[in-house]
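Written below as structure tokens is the structure these notes are about.
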Amino acid sequence: AVVSIYLVARITKREDWRIEPLLLKETLKDGIKLHIGGITTFLQSRISLLLLNYYLVIKDIGLFSVALTISEILYLIPQATSTVLFPKAISVNEEESARLTALISRHTLFWVIITGLIFALGAKYLIWLLAGKAFFSAILPLIILLPGIIFQSLWINISSLALIHRKFLWITYRSSFLAVINIVALVLLIPQYGLIGAALATLLTQILGVFITIFIFWCPLSKKSPKELFCFTKEDLLLYKNLVARIYEKIISLKKDKQI
């Protein structure tokens with residue numbers, strides 16, 4: 001942060017800039033709340049590897065790590081849409097912000113489901129391509145992990161709404177609670193079911209996370225029904241219809257240009 005302030009001052013060449021103590025205090029206060037949530041979120045996503053190391057052998061850690069890494073590729077979709085959503089949603093009123101969040105969330109979920117199905121059907125080839133035949137035992141854990149990643153995609157977009165409403169502690173409470181639940185589930189399932197147990201514990205935690213996301217975050221903050229996160233509307237279908245029409249027009253235009 002200090003380096004960023006210095007660089008901005010040098011680039012803009014402004015001499016009248018100064019630090020606002022109240023703004024700095026508020027930023028640090030909110031930042032600490034979110035930072036704790038970030039730590040517990042990381043713990044939730046990686047504690048499985050630590051517990052696998054305790055209960056099983058290094059080989060199993062490698063297999064689960066491959067399954068986890070490949071499944072998390074799906075996060076690229078909601079992370080991209082969330083990056084677009086946040087600045088747009090913060091610039092409009094609360095009702096419009098909720099509408100945009102619902103719109104982007106259901107479209108993101110749709111494409112994550114499609115991509116997840118492709119990953120599940122091609123799990124063997126993905127692992128062969130990215131890790132090699134030695135990791136084929138990671139196929140089933142990968143398939144089990146994919147639905148959890150799909151569910152989690154809802155949270156990535158809805159978290160933007162939580163940030164707009166400054167519910168920083170809510171985010172930290174959610175991630176901390178899910179981290180504890182994940183640890184308990186892992187301790188119960190890994191000794192009996194090994195890699196499959198670790199994948200199931202992660203999936204169960206993420207399913208619980210979806211219910212928390214919808215009923216503790218989405219409904220109170222947006223004052224809208226959960227179905228708006230899942231059900232397509234005429235507006236959605238019209239968006240795709242217009243998109244297909246524009247693509248078709250572009251193809252026709254390119255063909256005409258080549259003929260000329």
Side-chain angles (χ1 to χ4, degrees), residues 1 24-55 61 64-65 67-69 71-72 74-76 78-79 81-83 85-86 89-90 97-98 101 105 108-109 112 141 144-191 193 195 197-223 226 229:
L24 179 62
K25 179 183 177 181
E26 195 69 22
T27 302
L28 290 174
K29 182 181 175 181
D30 293 339
I32 289 172
K33 295 174 185 176
L34 283 174
H35 185 64
I36 295 171
I39 293 172
T40 53
T41 298
F42 179 79
L43 178 65
Q44 177 196 335
S45 64
R46 291 296 178 265
I47 191 64
S48 54
L49 298 176
L50 295 175
L51 290 174
L52 280 170
N53 184 48
Y54 179 79
Y55 286 109
I61 300 171
F64 191 78
S65 180
L68 189 62
T69 302
S71 68
E72 288 180 345
L74 290 181
Y75 280 145
L76 293 174
Q79 285 170 351
T81 56
S82 178
T83 302
L85 169 64
F86 184 71
I90 204 172
S97 175
T101 301
S105 293
T108 300
L109 183 63
V112 172
I144 294 172
L145 288 170
L146 287 172
I149 302 296
I150 292 171
F151 292 137
Q152 186 72 359
S153 69
L154 276 175
W155 165 246
I156 293 176
N157 282 311
I158 293 174
S159 64
S160 296
L161 192 64
L163 289 172
I164 291 169
H165 287 265
R166 301 178 63 81
K167 301 299 183 182
F168 306 119
L169 275 179
W170 286 25
I171 296 172
T172 296
Y173 291 151
R174 176 189 181 276
S175 59
S176 301
F177 174 72
L178 290 178
V180 171
I181 294 297
N182 195 31
I183 291 171
V184 172
L186 288 166
V187 169
L188 292 175
L189 295 176
I190 289 177
Y193 303 104
L195 286 177
L200 286 172
T202 304
L203 174 60
L204 291 172
T205 303
Q206 290 171 325
I207 291 174
L208 177 59
V210 172
F211 284 98
I212 293 173
T213 297
I214 293 172
F215 295 106
I216 296 181
F217 283 84
W218 169 252
C219 291
L221 295 179
S222 69
K223 299 179 177 59
L229 296 172

Pairwise side-chain contact, [X] with [Y], heavy-atom cut-off 4.5 Å (strictly under):
{"X": "Phe217", "Y": "Ser159", "value": "no"}
{"X": "Leu229", "Y": "Leu109", "value": "no"}
{"X": "Ile47", "Y": "Leu50", "value": "yes"}
{"X": "Phe177", "Y": "Thr40", "value": "no"}
{"X": "Leu178", "Y": "Thr41", "value": "no"}
{"X": "Gln79", "Y": "Leu76", "value": "yes"}
{"X": "Phe168", "Y": "Ile32", "value": "no"}

Closest heavy-atom contact between [X] and [Y]?
{"X": "Ile149", "Y": "Leu74", "answer": "CG2-CB, 3.5 Å"}
{"X": "Ser97", "Y": "Leu161", "answer": "OG-CD1, 3.5 Å"}
{"X": "Ala98", "Y": "Trp218", "answer": "O-CH2, 3.4 Å"}
{"X": "Leu154", "Y": "Ser105", "answer": "CD2-CB, 4.1 Å"}
{"X": "Phe151", "Y": "Gln206", "answer": "CB-O, 4.2 Å"}
{"X": "Ala201", "Y": "Asn182", "answer": "O-OD1, 3.6 Å"}

Between [atom1] on residue [X] and [atom2] on residue [Y], distance to nearest 0.5 Å:
{"X": "Leu204", "Y": "Leu186", "atom1": "CG", "atom2": "CG", "value": "10.0 Å"}
{"X": "Leu85", "Y": "Ile158", "atom1": "CG", "atom2": "CD1", "value": "10.0 Å"}
{"X": "Thr101", "Y": "Leu221", "atom1": "OG1", "atom2": "CG", "value": "9.5 Å"}
{"X": "Trp155", "Y": "Ile214", "atom1": "CH2", "atom2": "CD1", "value": "12.0 Å"}
{"X": "Trp170", "Y": "Ile216", "atom1": "CH2", "atom2": "CD1", "value": "8.5 Å"}
{"X": "Ser175", "Y": "Ile212", "atom1": "OG", "atom2": "CD1", "value": "10.0 Å"}

Worked verdict on Ser82 versus Ser160 for side-chain hydrogen bond (donor to acceptor under 3.5 Å, both in side chains): CA-CA 7 Å; Ser82 178; Ser160 296; 3.1 Å; yes
Short side-chain to backbone donor-acceptor contact, Ser176 and Tyr173, under 3.5 Å: no
Exercise: do Ser48 and Thr202 side chains pair donor with acceptor under 3.5 Å: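 There is no such pair (donor and acceptor under 3.5 Å, judged by atom type) between the side chains of Ser48 and Thr202.
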Evaluation steps, side chain to side chain contact (heavy atoms under 4.5 Å, CB included), between Phe86 and Ile164: CA-CA 8 Å; Phe86 184 71; Ile164 291 169; 3.9 Å; yes
